[in-house]
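Here the structure is laid out as structure tokens; the discussion comes afterwards.
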Amino acid sequence: MAEPRLDRRRLLRAAGGVGLSIPAAWLLAACEDGLAQQPVVAAPSVGPLTGSAELGQTGTVLHSQLVAPPQQFVRPLPLPPALSPVRRTATADHYAITARAGTAEILPGLETGIWGYDGTFPGPLFTSRRGKAVHVRLANELPVPVVRHLHGGHTPAASDGYPLDFVLPTAGFDGHVHPGGRVHRGSFEHVYPLPQRASLLWYHDHRMDFSGPQVWKGLVGLHVHRDEEEDALGLPSGDHELPLLVCDRSFGPSGELLYPSKDPSLRHEHGVTDAFSNGVLGDMVLVNGVHAPFHEVRQGTYRLRMAVASNARHYRFTLDPLPPEGEPFVMIGSDGGLMAAPAVVRSFLMAPAERVDVVVDFSSYAVGERVVLTNLSGAGGTVDVLEFRVTGPDDRPPWRPPERLSEVERLRPQDAVRTRRFVFSRVPTAAGPEFRIGHHTFGTHRVAAAPRHGDIEIWELTSDFAHPVHVHNVHFQVLDDDGPAAWKDVVSLSSNDAKRIITRFDSYRGRYILHCHNLEHEDMGMMANFDIT
Ligand code: C2O
Ligand code: CU
């Protein structure tokens, strides 16, 4: 059954051709040198990457201290159980969850302490349908404040998880609390009207200055939002639809999570030790909270709905071995749901917080074959992501992509009322590096933009080195991108990059943020307010 390992050089050469966030510089550099599996990022012009920076990644690898490398493909892929509402009405489903400490078996035979929603990592799966609201009451039994953000949601400002809108611990909190937000004691009910198209959303902690460590500890989960347009496509569903939350973590000798916080209590000083200021890279990749799991599939078509919940790591995914004929993936969707048309790809990049929806056809693989979802940008424990075991013929008809998937209005630059510029940069100061948007780190009262409701604007984003940029409350399109029309909420900037995004500010009015989704950068101030007026 053993196929030769795939030729990564060949793969990378063929990897172009889909317009979704594939920085050309990575591709070219990777093809020219002998390290084809590593996208190459130029050293940032503002200062050296410190510590053991992994080639091609913004950040530093935090090395696990396990006695032996964990065995791969010995644990089945867990699928997060869908949470049941505590109450349903005609217009809304009401849920209750609690942020609390728990344990998880991430590595075989080891118990890892985590902080999770309902004490699980990842948290429970939320499901919703367009036209019906979701209410989530979050109680906080952790020792620190939490903030819940539904990433990709079009959400009224008071429920969006603005970083200063703390839900304080039920037991009280005497650590540092940033002023300026809507503070809730013990619990808070979020209202998510979800008037938006079907997509894979995810939720995570967004506490001012401490998102990095709190997400790392496990405050993260998936949310599948559906609608009729998507239903009509008859996509692979049920056990042929797999929500996959991918992230990287590092572990101490007995399986405990490592993270280089300056103040591990997460009560006072924020930030990470200097060596990790560009980002924390775990050295083990997890899917749905388990390192290198396996999953049994039939010789049929499967829908993989992937979200990257890494603090800083970027990925390039492919299948190993490749199918004997054709390409492994039909890409059908991105952050904001279905694309206008499918795109056939051999591999695809994902930056932190991005989502990709792909259909894989296992029918050309033999029964008994093992097919690994592989990360071409990884090394060691971050290469093999998930092993599929082909167990037999499928009893369902295969899904074949139609020419058009979805109605995606393409926004036109000539309809934009203005262009704004945002420069993302790391600036060394006597007190350590500052991560800025424009000339500033985050200021509670500083407003970087105040678009009028309904206006279309172009935002030009430029970078010194890699920054995955996220805008709350709206979806945008990336201009100068020749893939099928798609809605995004994260755009991945590579080194010395410039990208233009275009959006119509027709969601809720109020104060929202844009920020870098490298969580270590975000925690060091790479965030800005914008007001939809
Ligand atoms: Cu995924 Cu501001 O967040
Ligand atoms: Cu950044």
Side-chain angles (χ1 to χ4, degrees), residues 23 41 44 46-47 49 57-60 122-123 146-155 157 159-165 181 199-212 214-216 219-223 245 247 271-272 276-281 307-314 335-336 350-355 422-427 433-438 441-442 461-476 488-497 499 511-530:
V41 166
V46 288
L49 286 167
Q57 295 286 352
T58 301
T60 303
V146 296
V147 173
R148 184 192 199 266
H149 172 56
L150 178 61
H151 181 123
H154 297 186
T155 306
S159 290
D160 190 50
Y162 187 74
L164 299 169
D165 291 356
S199 64
L200 177 63
L201 309 165
W202 63 296
Y203 60 100
H204 61 81
D205 193 70
H206 219 307
R207 176 187 168 199
M208 177 75 186
D209 294 346
F210 293 93
S211 295
Q214 298 195 173
V215 168
W216 187 273
L219 288 168
V220 57
L222 295 176
H223 180 139
L245 182 130
C247 63
V272 290
F276 293 93
S277 63
N278 286 332
V280 180
L281 303 172
V308 165
S310 284
N311 285 29
R313 181 174 289 281
H314 295 238
D335 306 337
M350 288 185 80
E354 283 190 305
R355 281 89 73 215
F422 298 90
V423 179
F424 289 75
S425 66
R426 172 195 195 266
V427 181
E434 271 190 3
F435 288 84
R436 296 181 181 167
I437 301 177
T441 57
F442 182 68
L461 315 170
T462 59
S463 64
D464 51 356
F465 64 118
H467 301 289
V469 176
H470 171 47
V471 185
H472 281 217
N473 194 41
V474 293
H475 280 90
F476 52 76
K488 298 275 297 161
D489 57 47
V490 177
V491 60
S492 174
L493 303 177
S494 52
S495 292
N496 302 310
D497 202 0
K499 288 211 168 113
R511 176 156 301 176
Y512 294 91
I513 49 171
L514 72 143
H515 63 89
C516 180
H517 221 294
N518 175 313
L519 297 183
E520 283 73 37
H521 299 184
E522 176 190 321
D523 282 347
M524 294 314 290
M526 197 172 255
M527 198 158 69
N529 289 312
F530 71 96

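Residues take their numbers from the sequence shown, with the count starting at 1. Start at 1 and go down the list; that is how both ligands and their atoms are numbered.
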Q.
His206 vs Glu522, test: side chain to side chain donor-acceptor pair (under 3.5 Å). Steps then yes/no.
A. CA-CA 10 Å; His206 219 307; Glu522 176 190 321; 3.3 Å; yes
Q | side-chain contact (heavy atoms from CB on, under 4.5 Å) assessment of Asn278 paired with Phe465 | A | CA-CA 10 Å; Asn278 286 332; Phe465 64 118; 3.5 Å; yes
**Q.** Which N, O or S atom of His515 lies nearest to atom 2 (Cu) of ligand 1, by name
**A.** NE2
Q.
Using a strict threshold of under 4.0 Å (side-chain N to carboxylate O), is an ion pair present between Arg355 and Asp489?
A. yes
Q) In His521, the N, O or S atom nearest to the Cu ion (ligand 2) is which? A) ND1
Q. For atom 2 (Cu) of ligand 1, does an N/O/S atom of His472 lie at less than 2.8 Å?
A. yes
Q | Side chains of His314 and Pro352 in contact at under 4.5 Å (non-hydrogen atoms) | A | yes
Q. So which of the N, O or S atoms of His467 lies nearest the Cu ion (ligand 2)?
A. ND1
Q. Below 2.8 Å, any N, O or S contact between His206 and atom 1 (Cu) of ligand 1?
A. no
Q.
For the metal site, I want the angle between atom NE2 of His204 and atom NE2 of His517 with atom 1 (Cu) of ligand 1 at the apex, to 10°.
A. 110°
Q. Strictly under 2.8 Å, is any N, O or S atom of His151 next to atom 1 (Cu) of ligand 1?
A. yes
Q.
Within the structure provided, determine whether Phe435 and His515 are in side-chain contact (heavy-atom separation under 4.5 Å).
A. no
Q: For the residue pair His467 and Phe424, categorise the inter-ring angle as parallel (less than 30°), tilted (30 to 60°) or perpendicular (more than 60°).
A: tilted
